[in-house]
Amino acid sequence: MRIFFLTTSFFKEKWLILLLSIILSGPAVYFFLKDVHYLDEKVLWEKEPRKNTLSYEFEGEVKSLYFLKWESTLQIMSFDSDRSVINQWNIGGRISDLDENSILIEDIDGDQLPDLSFLHIIENKVYLAIVPISLNTNYYHRYFLDSIQFSEMDSKPIYLSGIKTLKIKNSDQKNVAVFIYMGHAKYPRKLYLIDFPNDKVISSQTDGNGLSNLNIEDVDGDSLPEFFGESSSPGNMRNHSELAFHDSSTYLMVFDENLEFEFPPIEFETHFSRQSTFSFATDSGFYFFTSIIDNSSPRKVYPAYLYDVRGKLVDSLFIGSNTKPSYFRKESSGIYAFTNEKEIFRIVDFRNPEYLTKIDDLEPNYLKFAEIENKNGFFFQMKENKLLIYNSDFKLLEKLETPFTDIFELRITNFAGNTLEKGKLLLQDKKYEVLLQYKKNIFWEFRFIILPAFIILGFYIMNILAFLLSYEQNRRFEREKEITELRFNAIKNQLEPHFLFNSLNSIGHLLLTEDRLKAYSYLESLSFLLRNAVNNSGEIAVSIKDEILFTKKYLEIEKLRFEDKFNFKINVDEDVNTEFPIPKMIIQLHSENAVKHGVLHRETGGEIEIRVRYESENLIIEIDDNGAGRSAPVSTQKNLGKGLLLSEQMLELYQKVMKNAIQQEIIDKKDSQGNALGTLIIIRILKAS
């Protein structure tokens with residue numbers, strides 16, 4: 001019953017209903033809007049091992065390229081989705097492993113058809129081949145880039161290379177940027193730009209050192225690209241005295257659209273290290289963010305540097321407290337720093353790197369990233385044949401079972417670069433392909449409609465529930481009221497005749513003594529009391545003002561009757577709200593007990609004091625007398641128990657009907673020897689919570 005009344009009281013407040021609607025709408029809204037983007041289940045295109053195969057998408061179908069490597073010839077075969085042969089090319093030379101650094105599938109010539117671009121070697125000469133793979137022709141473009149000069153360390157070069165496309169001028173055709181870093185060869189270690197529209201090649205003026213992981217951006221705002229990236233110092237060449245840029249140091253190199261230096265390269269003399277450079281935006285403009293990872297000295301920590309577009313050092317910052325960064329990478333959401341302690345920081349504000357998390361099994365060197373609509377994306381990592389997928393805050397989203405075994409060979413592409421514009425994400429290693437379907441939550445677009453709609457719907461549902469609860473409460477209240485009125489009528493028949501008989505006895509006494517003036521005064525006061533009792537006969541509660549007046553008339557009558565054997569005082573504090581309802585006759589009943597069972601047993605000097613005040617916002621009513629109290633002889637107490645029972649029943653009914661908690665306390669006052677000094681009645685009406 002208590003829970004029922006608390007619930008219905010809650011639903012009386014509209015703002016509480018609205019708040020509850022918002023809270024209850026949360027899970028439903030979260031169900032629709034929890035993931036702005038997500039990846040569907042994987043699809044295995046091939047369960048049997050397939051080597052040297054690369055897939056791409058054209059006109060909504062997935063096609064494959066098969067690379068067959070001979071000693072001096074590279075054979076490329078194009079397959080349809082049903083594995084039927086579309087075309088074949090025989091190209092002289094050999095190719096490196098198939099990865100995103102050495103092969104690119106993208107429209108180069110502007111004919112809306114995919115082209116295959118890759119680096120290959122013929123007799124120690126490096127070429128870029130551009131093959132229009134969708135056409136039924138054996139024609140392809142080939143551009144000579146440079147000759148290889150072997151070092152004294154090894155005659156078989158280990159080479160790294162990369163290909164990216166860009167548009168320098170308004171044209172449907174693209175230029176191709178190629179960066180080559182021969183591991184055990186002196187040359188080439190250069191950056192090349194293939195001007196496809198004008199059919200020419202230019203190269204950077206570097207020799208023993210160069211760039212990898214190329215970045216192409218307009219940093220200085222002149223609408224022309226800058227080229228920059230990563231430089232390393234493996235120390236593969238013993239004699240480098242004749243080289244301007246050797247591989248025993250790393251360099252900050254930034255090239256313009258003609259592959260000339262934007263400013264003189266900045267050398268960092270750190271052996272067995274690498275330097276990475278990214279563009280970095282601040283409120284004052286764009287800068288170059290440069291980091292040094294020194295692998296030769298595990299304890300040596302270099303700060304991250306901030307250079308302006310003219311190569312001037314602007315600021316430096318140490319990242320992490322007790323450990324040094326082991327890897328940096330830039331994505332659209334910021335630059336990520338990975339420390340030796342597996343901590344991850346995100347740098348958006350150069351002076352305040354944001355600590356993200358710590359992942360013990362993270363291998364940042366082999367972490368793959370796929371961007372979503374140039375906003376956010378997924379990070380991928382292989383662990384024990386499971387593909388771990390993280391969001392941009394490195395919260396683990398999912399673990400997918402895959403057939404992959406080699407994280408070094410894992411490639412992530414959507415057939416045209418490294419974004420998910422077409423909604424499909426292809427993961428490949430040397431043997432298997434897994435296709436993930438990227439989907440966008442359509443409800444996200446309507447979130448500003450869905451959220452208010454759920455709140456409004458919840459508000460109306462809560463109001464309907466409130467109406468039903470209120471209806472049930474009213475039914476229960478009416479039943480309680482009927483029972484209460486029946487009980488009250490029974491008590492009224494006990495209380496009011498009790499007082500009337502006493503008053504009539506007093507009038508009879510005055511008439512017998514022929515004191516007519518006092519008898520008239522007595523009858524006048526009695527008339528007021530009887531009229532008041534009749535008018536309030538159906539009430540459980542009356543105002544403090546009416547109850548005080550009623551009690552005052554009663555005490556005046558009793559004082560006349562007993563010939564001034566006692567005096568009384570009534571004190572009501574000024575801040576008391578005299579219109580506040582209290583139990584009917586509760587003060588009068590205790591005052592009557594104070595007279596008949598208290599002060600009348602004294603010879604003289606009886607005192608009754610009534611006090612009404614507030615204490616901690618609770619209403620306090622006190623009836624204090626100096627009579628015999630409850631320690632008087634039993635013969636004088638025969639009606640005291642009945643009076644107290646009546647008062648307790650009045651309090652109980654008052655609490656049921658008025659819903660105000662009320663307490664009653666009876667204190668027997670005594671001196672130090674235990675002699676009775678009177679009785680103190682304290683009635684507390686507690687503030688409604």
Peer 1: For S248, which residues count as a side-chain contact (heavy atoms from CB on, under 4.5 Å) partner, sequence neighbours excluded?
Peer 2: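 Once residues adjacent in sequence are excluded, the partners of S248 under the side-chain contact (heavy atoms from CB on, under 4.5 Å) criterion are H240, H246, H271.
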
Peer 1: May I ask you to check whether Y127 and K125 show a side-chain donor-acceptor distance below 3.5 Å?
Peer 2: no

Peer 1: Could you list the residues that satisfy side chain to side chain donor-acceptor pair (under 3.5 Å) with S316, not counting sequence neighbours?
Peer 2: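 Once residues adjacent in sequence are excluded, S316 has no partner under the side chain to side chain donor-acceptor pair (under 3.5 Å) criterion.
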
Peer 1: If every non-hydrogen atom of E106 is compared with every non-hydrogen atom of T165, which pair is closest and at what distance?
Peer 2: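 Minimum heavy-atom separation between E106 and T165: OE2-OG1, 2.8 Å.
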
Peer 1: Quick one: list whatever passes side-chain contact (heavy atoms from CB on, under 4.5 Å) with A177, sequence neighbours left out.
Peer 2: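 Residues passing side-chain contact (heavy atoms from CB on, under 4.5 Å) with A177: L166, L193, L214, I216, F227.
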
Peer 1: Have S249 and E269 got a donor and an acceptor in their side chains that come within less than 3.5 Å?
Peer 2: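 No pair is found: no donor N or O on one side chain lies under 3.5 Å from an acceptor on the other.
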
Peer 1: Just grab all the side chain to side chain donor-acceptor pair (under 3.5 Å) pairs involving residues 347-356, residues at least two apart or on different chains.
Peer 2: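 Qualifying pairs, neighbours excluded: D315-R351, R346-E354, D349-N352.
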
Peer 1: Taking all non-hydrogen atoms of both residues, which atom of I319 and which atom of F328 are closest, and how far apart?
Peer 2: CD1-CE2, 3.7 Å

Peer 1: Under the side chain to side chain donor-acceptor pair (under 3.5 Å) test, which residues partner R329, sequence neighbours left out?
Peer 2: E331

Peer 1: Side-chain contact, heavy-atom cut-off 4.5 Å: F338 with L367?
Peer 2: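 A side-chain contact exists here, since the closest heavy-atom pair is under 4.5 Å.
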
Peer 1: Judged by atom type as modelled, is there a donor-acceptor pair below 3.5 Å linking the side chain of S204 to the main-chain atoms of L259?
Peer 2: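 No; judged by distance alone, with no hydrogens or angles, the pair does not exist.
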
Peer 1: Enumerate the residue pairs fulfilling salt bridge (Lys or Arg N to Asp or Glu O under 4.0 Å) with a member in residues 250-260, sequence neighbours excluded, ordered by first and then second residue.
Peer 2: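 For residues 250-260, and leaving out neighbouring residues, there are no salt bridge (Lys or Arg N to Asp or Glu O under 4.0 Å) pairs at all.
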
Peer 1: State which residues pass salt bridge (Lys or Arg N to Asp or Glu O under 4.0 Å) with K342; sequence neighbours excluded, sorted by chain then number.
Peer 2: E363

Peer 1: What's the shortest heavy-atom distance between D220 and L224, and which atoms?
Peer 2: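 It is OD1-O, 4.4 Å.
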
Peer 1: Return the set of residues passing side-chain contact (heavy atoms from CB on, under 4.5 Å) with P234 (not counting sequence neighbours), or none when no residue passes.
Peer 2: Y181, S232, N236, D247

Peer 1: Classify the angle between the aromatic ring planes of Y251 and F245 as parallel (below 30°), tilted (30 to 60°) or perpendicular (above 60°).
Peer 2: perpendicular

Peer 1: Residues two or more places apart in sequence or in another chain: which of them pass side chain to side chain donor-acceptor pair (under 3.5 Å) with K330?
Peer 2: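 Here the qualifying residues are S279.
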
Peer 1: Using the side chain to side chain contact (heavy atoms under 4.5 Å, CB included) rule, pick out the option among I108, I163, L116 that qualifies with I130.
Peer 2: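 Of all the options given, the one that passes is I108.
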
Peer 1: Ring-plane angle category for F118 and H120, please: parallel below 30°, perpendicular beyond 60°, tilted otherwise.
Peer 2: tilted

Peer 1: Do the side chains of I133 and D115 get nearer than 4.5 Å, heavy atoms only?
Peer 2: no

Peer 1: Identify the two heavy atoms, one from S117 and one from L128, that lie closest to each other, and give their separation to 0.1 Å.
Peer 2: CB-CD1, 4.4 Å

Peer 1: Quick one: salt bridge (Lys or Arg N to Asp or Glu O under 4.0 Å) partners of K190, sequence neighbours excluded?
Peer 2: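 Testing K190 for salt bridge (Lys or Arg N to Asp or Glu O under 4.0 Å), a comparison that skips the adjacent residues, returns D146.
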
Peer 1: Of all residues at least two apart in sequence or in a different chain, which pass the side-chain contact (heavy atoms from CB on, under 4.5 Å) check with S276?
Peer 2: E230, F278, S291

Peer 1: So, using side chain to side chain donor-acceptor pair (under 3.5 Å) as the criterion, who are the partners of D195 when residues are at least two apart?
Peer 2: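 D195: side chain to side chain donor-acceptor pair (under 3.5 Å) contacts with N198.
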
